[in-house]
Protein chains: 2
Amino acid sequence: MEKYDCLKLENQLCFPLYACAKEIVRKYTPHLNQLDLTYTQYIAMMVLWEQEEVTVSELGRCLYLDSGTLTPLLKKLESKGLITRRRSEADERIVLVRITPEGMKLRERAAGIPPQIGNCLNLSPEEAKTMYDLCYKVLKCL
Amino acid sequence: MEKYDCLKLENQLCFPLYACAKEIVRKYTPHLNQLDLTYTQYIAMMVLWEQEEVTVSELGRCLYLDSGTLTPLLKKLESKGLITRRRSEADERIVLVRITPEGMKLRERAAGIPPQIGNCLNLSPEEAKTMYDLCYKVLKCL
DNA sequence: TATAATTAAATTGTAAACAATATAATTGAA
DNA sequence: TTCAATTATATTGTTTACAATTTAATTATA
């Protein structure tokens with residue numbers, strides 16, 4: 001065990017994780033292009049397909065993103081007519097993000113995507129589950 | 001099993017992977033700031049600490065990055081004096097990236113970082129190994 | 001009640017990422 | 001040999017990401 005072994009790319013856990021995430025997102029891209037969505041826009045829509053209205057900060061907690069990322073992204077989704085943004089009347093600091101009927105319609109077409117990605121990952125259901133659990137274990141303790 | 005279940009964030013494998021990679025990179029940031037490196041610059045340096053000279057495309061294959069990302073990044077590292085860039089004489093299309101003594105010096109300080117990250121991941125060595133293997137399994141089949 | 005502290009979003013600035021395209025050098029085929 | 005394909009890198013344009021800061025609203029405290 002040499003002094004600098006821990007600096008070898010092949011001994012890193014973070015690097016394959018980083019590369020893997022990046023490459024899977026790239027796999028999504030051609031499918032998402034058909035919906036005119038980027039990956040980040042897509043996961044934001046996922047939250048809204050489940051929950052008609054959320055605040056920007058709730059969305060940020062769900063997606064591990066901050067307002068610096070979300071504000072321009074949400075403006076983009078708004079300009080496409082998929083969501084609306086309005087200040088809460090009860091607390092003017094809060095912006096409420098709501099999905100539009102147009103946005104809800106996309107769900108149908110989006111539902112075809114995950115199975116197609118799943119198929120090309122080459123993992124057994126057990127392996128996928130293991131990976132899923134390990135990711136959340138890391139995320140929980142940051 | 002409902003029609004849209006596959007669109008729930010909690011049923012995605014890609015999302016936790018994406019979030020996990022992002023959050024770990026964020027963990028690196030304060031340590032890398034002390035070396036005046038970003039994460040991507042850091043993994044590029046990792047390749048060069050192992051291999052004194054590489055072409056841009058070799059580096060891209062190692063890191064799963066293309067010239068659109070690497071060119072500006074390498075110019076940055078060059079401006080910091082950590083690497084040099086020059087065209088190959090045998091084939092003028094190729095750019096050779098070489099680490100400088102200055103760049104080599106950084107290795108010493110960088111060696112302290114991986115252990116600190118490892119400690120806060122909350123994974124057993126076996127879990128880390130499993131995750132590592134699964135990432136590479138996915139990467140291999142893209 | 002006045003003011004300090006906190007909170008929520010937005011803004012600014014920098015870097016990363018990549019598709020698409022451009023440029024230039026090299027290789028291959030007619 | 002000439003010109004078409006290929007290869008390597010660079011450039012352009014868009015989006016992502018985030019730290020740091022700003023603005024505005026709300027809450028807590030003196």
Side-chain angles (χ1 to χ4, degrees), chain A residues 15 18-45 54-61 63-80 83 85-97 142, chain B residues 14-15 18-45 54-61 63-80 85-97 142:
Chain A
F15 171 67
Y18 152 88
C20 197
K22 217 160 51 66
E23 294 304 308
I24 297 185
V25 167
R26 195 214 298 276
K27 272 279 176 203
Y28 271 94
T29 305
H31 300 102
L32 292 175
N33 281 344
Q34 296 177 8
L35 310 189
D36 188 30
L37 289 178
T38 63
Y39 182 73
T40 319
Q41 289 165 10
Y42 169 66
I43 59 177
M45 291 305 292
V54 287
T55 68
V56 172
S57 42
E58 277 180 286
L59 195 56
R61 272 189 295 278
L63 303 180
Y64 296 86
L65 294 171
D66 68 6
S67 69
T69 303
L70 287 175
T71 298
L73 183 143
L74 294 171
K75 284 181 179 175
K76 193 86 196 183
L77 290 177
E78 188 179 38
S79 77
K80 295 185 199 178
I83 63 160
R85 294 159 67 243
R86 66 189 167 80
R87 292 272 168 188
S88 159
E89 283 167 30
D91 184 340
E92 289 277 347
R93 292 171 303 180
I94 294 173
V95 167
L96 297 167
V97 179
L142 232 61
Chain B
C14 183
F15 171 69
Y18 151 89
C20 196
K22 215 160 54 66
E23 293 305 307
I24 296 183
V25 167
R26 194 213 299 277
K27 271 281 177 203
Y28 272 93
T29 305
H31 300 103
L32 292 175
N33 282 344
Q34 295 178 10
L35 309 190
D36 188 28
L37 289 178
T38 63
Y39 182 73
T40 318
Q41 289 166 11
Y42 170 65
I43 58 176
M45 291 304 293
V54 286
T55 68
V56 172
S57 41
E58 277 180 288
L59 195 56
R61 272 190 297 277
L63 304 179
Y64 297 86
L65 294 171
D66 67 7
S67 69
T69 304
L70 288 175
T71 296
L73 182 143
L74 293 171
K75 284 181 178 173
K76 194 85 196 187
L77 290 177
E78 188 179 38
S79 78
K80 294 185 199 178
R85 293 158 69 243
R86 65 186 169 84
R87 292 274 166 184
S88 160
E89 283 167 30
D91 184 339
E92 289 278 347
R93 292 172 303 180
I94 294 173
V95 169
L96 296 167
V97 180
L142 233 62

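Residue numbers start from 1 in every chain, and the chains themselves are labelled A, B, ... in the order their sequence lines are given, proteins ahead of strands. These values consider heavy atoms only, across backbone and side chains, with no hydrogens, waters or symmetry-generated copies.
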Using a heavy-atom cut-off of 4.0 Å across all strands, would you classify B/Ala44 as base, sugar-phosphate, or nothing? nothing

Mind checking if B/Leu70 touches a base, just sugar-phosphate, or nothing, with heavy atoms under 4.0 Å? nothing

Could you state the CG-P distance from B/Asp36 to C/dT14, rounded to the nearest angstrom? 14 Å

Which is more 5' along DNA chain C, the nucleotide nearest B/Thr38 or the one nearest B/Asp91? Just name the residue. B/Thr38

State whether A/Thr71 places a side-chain N or O below 4.0 Å from either non-bridging phosphate oxygen (OP1 or OP2) of C/dA10. yes

Contact class for B/Ser57 vs. all strands (heavy atom < 4.0 Å): base, sugar-phosphate, or nothing? sugar-phosphate

Enter the distance from A/Arg61:CZ to A/Thr55:OG1 here, rounded to the nearest 0.5 Å. 6.0 Å

Any side-chain N or O of A/Arg85 below 4.0 angstrom from OP1/OP2 of C/dA10? yes

Describe, as an angle rounded to 10 degrees, how the axis at the first end of the helix from C/dT1-D/dA30 to C/dA30-D/dT1 is tilted relative to the axis at the last end, five pairs per end. 0°

Are any side-chain N or O atoms of B/Lys80 and backbone N or O atoms of B/Asp36, one a donor and one an acceptor, separated by less than 3.5 Å? yes

B/Glu89 CD to C/dT26 C1': how many Å, rounded? 16 Å

5'-most contact on DNA chain C (nearest-nucleotide basis), A/Lys22 vs A/Pro72, goes to A/Pro72

I'd like to know if A/Arg26 and A/Glu23 make a salt bridge, using a cut-off of under 4.0 Å between side-chain N and carboxylate O. yes

Please confirm whether the shortest side-chain N or O distance from B/Tyr18 to OP1 or OP2 of C/dA17 is below 4.0 Å. no

With a strict under 4.0 Å distance from non-hydrogen atoms of chain B, what nucleotide opens and what nucleotide closes the contacted stretch of DNA chain D, reading 5' to 3'? D/dT7 to D/dA19

Please state how far atom OH in B/Tyr64 lies from atom P in C/dC18, giving the value in whole angstrom units. 12 Å

Tell me the closest heavy-atom pair linking A/Leu70 and A/Val56, and the distance in Å. CD1-O, 3.6 Å

Just to be sure I understand the rule, does A/Thr29 reach a base, reach only the sugar-phosphate, or reach nothing, if contact means heavy atoms closer than 4.0 Å? nothing

Looking at C/dC18, I'd like to know if its phosphate oxygens (OP1 or OP2) sit under 4.0 Å from a side-chain N or O belonging to A/Lys27. no

Determine the contact category for A/Ala90: base if any of its heavy atoms lies under 4.0 Å from a base atom, sugar-phosphate if only primed atoms, P, OP1 or OP2 are that close, otherwise nothing. sugar-phosphate

By nearest-nucleotide position on DNA chain D, the 5'-leaning member of A/Glu92 and A/Gly68 is A/Gly68

Is the closest side-chain heavy-atom distance between B/Leu77 and B/Val97 below 4.5 Å? no

Distance check: side-chain N/O of A/Arg26 vs OP1/OP2 of C/dA19, anything under 4.0 Å? yes

Specify whether B/Tyr42 and B/Tyr28 have parallel, tilted or perpendicular ring planes, treating 30° as the upper limit for parallel and 60° as the lower limit for perpendicular. tilted

Where B/Ala44 and B/Leu73 come nearest, the two heavy atoms and their spacing: CB-CD2, 4.0 Å

Minimal non-hydrogen separation, B/Tyr64 against A/Ala19, with atom names: CD1-CB, 3.7 Å

Whole-Å distance between C/dA10 C1' and A/Leu96 CG? 16 Å

Are A/Thr69 and A/Leu63 close enough that some pair of their side-chain heavy atoms sits under 4.5 Å apart? no

Between P on C/dA19 and CG on B/Leu65, what's the gap in Å once rounded to a whole number? 11 Å

side-chain N/O A/Ser67 vs C/dT11 OP1/OP2, d < 4.0 Å: no

